[in-house]
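Both backbone and side-chain heavy atoms feed into the values below; hydrogens, waters and symmetry mates do not. Read the numbers this way: they start at 1 and go in the same order the structure lists the ligands and their atoms.
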Amino acid sequence: MVRLWILLFIAFIIYTFFVYNDSGNRNPNDSIPDRQSLAGWKTWQEKNCQSCHQIYGLGGYMGPDLTNVASEPAKGDIYLRTFIKFGTGKMPNFNLNDSEVTNLVAFLKWIDKSGKSRVPKEKVTWSGSYNLEN
Ligand code: HEC
């Protein structure tokens, strides 16, 4: 019986080690926002972009989720700048100046590096489910 407890304890220690050492294949430096992204973050909060847009699936649902908008192949810097600067029929024009727009684009690029909003396809089997893509 005691051996079993020792075995379980060792398994726990090994498991804990892996849990706290898994970087999730992310570069730790990516989680530190640079000055531009921080300024963009501030504008994001002041203009309450999140009331209409989600990040990581959280936020309003009037506009699309923007977590990974910066890395979508069809949507580059100019695309983002145009939306942010002029708005659309549904999205308001906030009359932001050029540096505020640049900072918001930097913020969206920083957010993009930190996670994925799209739910990955899963294969479900009797023993559980696993991601088919990453
Ligand atoms: C009143 C709601 C609302 C607010 C507030 C808002 N947006 Fe939007 N946004 C939208 C809608 C709706 C769209 C989709 C465009 C359309 O259908 O006209 C959009 C589109 C976008 C897009 C293009 C997304 C894509 O995938 O094509 C970006 C980028 C964007 N918004 C950024 C922002 C930023 C940055 C802010 C804050 C400064 C903001 N939005 C505030 C409603 C909003």
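Taking distance alone, with nitrogen or oxygen atoms compared against 3.5 Å, T88 approaches ligand 1 more closely than that limit. Geometrically, ligand 1 and K47 share no nitrogen or oxygen pair separated by less than 3.5 Å.
Closest heavy-atom approach to atom 34 (C) of ligand 1 within the set C49, A70, G89: this belongs to C49. Counting only non-hydrogen atoms, the option in H53, K90, E100, E46 that gets closest to atom 19 (C) of ligand 1 is H53.
Atoms of ligand 1 lying under 4.0 Å from at least one heavy atom of L66, given by number and element, are 24 (C), 28 (C), 30 (C), 32 (C). Numbered from 1 in the order shown, with element, the atoms of ligand 1 that lie under 4.0 Å from a heavy atom of K75 read 25 (C), 26 (O), 27 (O). Shown in contact with G63 at under 4.0 Å from a heavy atom are these atoms of ligand 1, numbered in order with element: 10 (C), 11 (C), 12 (C). Within ligand 1, the atoms closer than 4.0 Å to a non-hydrogen atom of L80 are 29 (C), numbered from 1 in the order shown.
A side chain to side chain contact (heavy atoms under 4.5 Å, CB included) with V69 is found for exactly one of L108, V105, I55, namely L108. When F94, F107, W110 are each tested for a ring-ring contact (aromatic ring centres under 6.0 Å, His included) with W44, only one passes: F107.
Residue contact annotation: Y79 has a non-hydrogen atom under 4.0 Å from ligand 1.
Between the side chain of T67 and the main chain of Y56, a donor-acceptor pair closer than 3.5 Å is present. At least one donor-acceptor pair under 3.5 Å links the side chain of Q50 to the backbone N or O of L58.
The heavy-atom pair separating S117 from N68 by the smallest distance is N-OD1, 2.9 Å. What you find for S37 and A106 is that their closest heavy atoms are OG-O, 3.5 Å. Considering every non-hydrogen atom in both N93 and K85, the closest pair reads OD1-O, 3.0 Å. Closest non-hydrogen pair, L80 versus A70, comes out as CD1-CA, 4.1 Å.
Among the backbone and side-chain atoms of C52, no N/O/S atom is found under 2.8 Å from atom 8 (Fe) of ligand 1.
In I78, the CD1 atom is not crowded: 12 or fewer heavy atoms of neighbouring residues, nucleotides or ligands sit closer than 6.0 Å.
At the shortest separation from atom 10 (C) of ligand 1 among protein heavy atoms lies M91 CB, 3.3 Å. Of all protein heavy atoms, the one closest to atom 13 (C) of ligand 1 is P64 CD, 3.7 Å. The closest protein non-hydrogen atom to atom 41 (C) of ligand 1 is F94 CE1, 3.5 Å. Atom 15 (C) of ligand 1 has as its closest protein heavy atom F83 CE2, 3.6 Å.
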